[in-house]
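Notes to accompany the following structure.
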Amino acid sequence: MQKITTLLAAALIAVPVSLLAACSSTPAATPDSDSASVSAELGSNASALMLPDGWAKAGETGGMTGVFGTLTNHSDDDIVIESVESDDAGMIELHEVTAEGVMQKIKGDVVVPANGTFELAPGANHIMLMDLTKDLLAGDEVTFTLHLVSADGKKFATEFTVLVKDYAGANEDYGDLAHGDMDAGEGTHDSH
């Protein structure tokens, strides 16, 4: 009888643990067209990049918003962010704010260092979603995909879903950027 009780207790503990694992913030890795088997080729790199505290500022259809949080690389290799895409925006770029307060597209590689982090914060580096395809209200979620390159040049993609929050900060002046006029390296604008 004690053996049955012990097995039943173990089963009751295992069910909530497996449910918690299914709801974890670990992103799903998806292969690019160049890579048929991400896990086989990249091992732990396929799920090494996480954004546990990610969030997006609320925004209106046709407008723009930012995604913030800390990207954490749990692998022993640098991971380069090659591009970002989302069905929730017509255009997405990785932005930085210079020491002069100018917001612009980041030029060059964006690297999340091995066993390190890359911070995305209001008034600093962030993922900019432009030409929003729908209103993003507090409590909604935004899903986006980071296209990544491992240290050995293999490409893979990781999808993230973050919560939308009301946020009074990050009220930058986007100038012509709101109309999609920004070209790589052009169309910088002041941050307020």
Side-chain angles (χ1 to χ4, degrees), residues 22-35 38-39 42 45-75 78-97 103-113 116-150 154-167 169-170 172 174 177-180 182 184 187 191:
C23 297
S24 74
S25 63
T26 303
T30 57
D32 279 356
S33 57
D34 296 343
S35 173
V38 173
S39 327
L42 298 169
N45 281 351
S47 61
L49 196 63
M50 301 176 108
L51 185 62
D53 60 347
W55 62 281
K57 180 181 173 183
E60 297 178 357
T61 302
M64 54 186 80
T65 192
V67 173
F68 312 103
T70 302
L71 286 164
T72 303
N73 180 354
H74 293 284
S75 77
D78 291 349
I79 297 176
V80 175
I81 302 172
E82 192 172 63
S83 64
V84 188
E85 69 178 342
S86 173
D87 290 339
D88 294 327
M91 184 174 169
I92 304 178
E93 293 178 341
L94 288 159
H95 281 190
E96 65 184 351
V97 177
M103 187 186 320
Q104 62 189 16
K105 181 178 179 180
I106 297 175
K107 298 173 187 169
D109 288 344
V110 175
V111 178
V112 184
T117 61
F118 184 84
E119 186 176 5
L120 303 168
N125 296 325
H126 58 280
I127 297 171
M128 180 61 84
L129 285 74
M130 298 168 276
D131 193 20
L132 294 174
T133 58
K134 64 180 184 179
D135 287 347
L136 297 177
L137 306 175
D140 290 345
E141 292 182 332
V142 174
T143 299
F144 60 95
T145 302
L146 293 180
H147 293 273
L148 308 163
V149 181
S150 63
K154 292 188 172 98
K155 295 183 178 190
F156 62 108
T158 302
E159 184 176 274
F160 295 93
T161 298
V162 299
L163 184 66
V164 176
K165 298 180 180 182
D166 280 330
Y167 180 70
E172 294 87 0
Y174 300 113
L177 185 61
H179 305 290
M182 184 168 179
S191 172

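Start at 1 with the first residue, then count along the sequence.
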For this session: Give a yes or no on whether the backbone of Thr70 and the side-chain of Asp53 come within a donor-acceptor separation of less than 3.5 Å.
Result: yes

Exercise. Between the side chain of His147 and the main-chain N/O of Thr145, is any donor-acceptor distance below 3.5 Å?
Worked result: no

Exercise. Rounded to the nearest 0.5 Å, what separation is found between the CE atom of Met130 and the CE atom of Met64?
Worked result: 6.5 Å

For this session: Might you confirm whether atom CD of Glu85 has over 12 heavy atoms from other residues, nucleotides or ligands at distances under 6.0 Å?
Result: yes

Exercise. For the atom pair OG (Ser83) and CD (Glu93), what is the distance rounded to the nearest 0.5 Å?
Worked result: 11.5 Å

Exercise. Within a radius of less than 6.0 Å around CG of Asp135, do more than 12 heavy atoms belonging to other residues, nucleotides or ligands occur?
Worked result: yes

Exercise. Between Ile106 and Asn125, does a side-chain contact (heavy atoms from CB on, under 4.5 Å) hold up when you go through it step by step?
Worked result: CA-CA 8 Å; Ile106 297 175; Asn125 296 325; 3.9 Å; yes

Problem set entry | Closest non-hydrogen atom pair, Leu49 against Phe160 | O-CZ, 3.6 Å

For this session: Show the numbers, then the answer: is there a side-chain contact (heavy atoms from CB on, under 4.5 Å) between Thr161 and Val142?
Result: CA-CA 5 Å; Thr161 298; Val142 174; over 6 Å; no

For this session: Could you tell me whether a side-chain N or O of Thr117 sits under 3.5 Å from a main-chain N or O of Thr72, the two making a donor and an acceptor?
Result: no

For this session: Working to the nearest 0.5 Å, report the span between OG1 of Thr65 and CD of Glu60.
Result: 11.0 Å

Problem set entry | Audit row: Lys57, Lys165, side-chain contact (heavy atoms from CB on, under 4.5 Å) steps and yes/no | CA-CA 5 Å; Lys57 180 181 173 183; Lys165 298 180 180 182; over 6 Å; no

Problem set entry | Which atom of Leu51 lies closest to which atom of Gly69, heavy atoms considered | CD1-C, 3.8 Å

Problem set entry | Atom pair CG/CD1 of Leu129 and Ile92 - distance to nearest 0.5 Å | 4.5 Å

Exercise. Okay, side chain of Asn73, backbone of Ser75: is any donor-acceptor separation there less than 3.5 Å?
Worked result: yes

Exercise. When you look at Met103 and His126, which way does the side-chain contact (heavy atoms from CB on, under 4.5 Å) test go after all the steps?
Worked result: CA-CA 10 Å; Met103 187 186 320; His126 58 280; 3.4 Å; yes

Problem set entry | Nearest heavy-atom neighbours spanning Ile79 and Ala48 | CD1-CB, 4.4 Å

For this session: Could you pull out the closest heavy-atom pair between Asp166 and Ala58, with the gap in Å?
Result: OD1-CB, 3.8 Å

Problem set entry | Shortest non-hydrogen contact between Val164 and Leu136, atoms and distance | CG1-O, 3.7 Å

For this session: Verify, without hydrogens or angle tests, whether Thr133 (side chain) and Asp88 (backbone) share a donor-acceptor contact under 3.5 angstrom.
Result: yes

Exercise. Below 4.5 Å, heavy atoms only, C-beta onward: do Thr143 and Glu159 meet side chain to side chain?
Worked result: yes

Exercise. NZ of Lys134 to CG of Asp87: how many Å apart, nearest 0.5 Å?
Worked result: 9.0 Å

Exercise. Taking C-beta and beyond as the side chain, do Phe144 and Val162 meet within less than 4.5 Å on heavy atoms?
Worked result: yes

Exercise. In terms of ring plane angle, is the pair Tyr167 and Trp55 parallel, tilted or perpendicular, where the classes change at 30° and 60°?
Worked result: perpendicular

Exercise. Taking atom types as modelled, is there a side-chain donor on Gln104 or His95 under 3.5 Å from an acceptor on the other?
Worked result: no

For this session: To the nearest 0.5 Å, tell me how far Leu146 CG sits from Phe156 CZ.
Result: 9.5 Å

For this session: Locate the shortest heavy-atom distance separating Ile81 from Val84; write the atom from each residue and the value.
Result: CG2-CG2, 4.4 Å

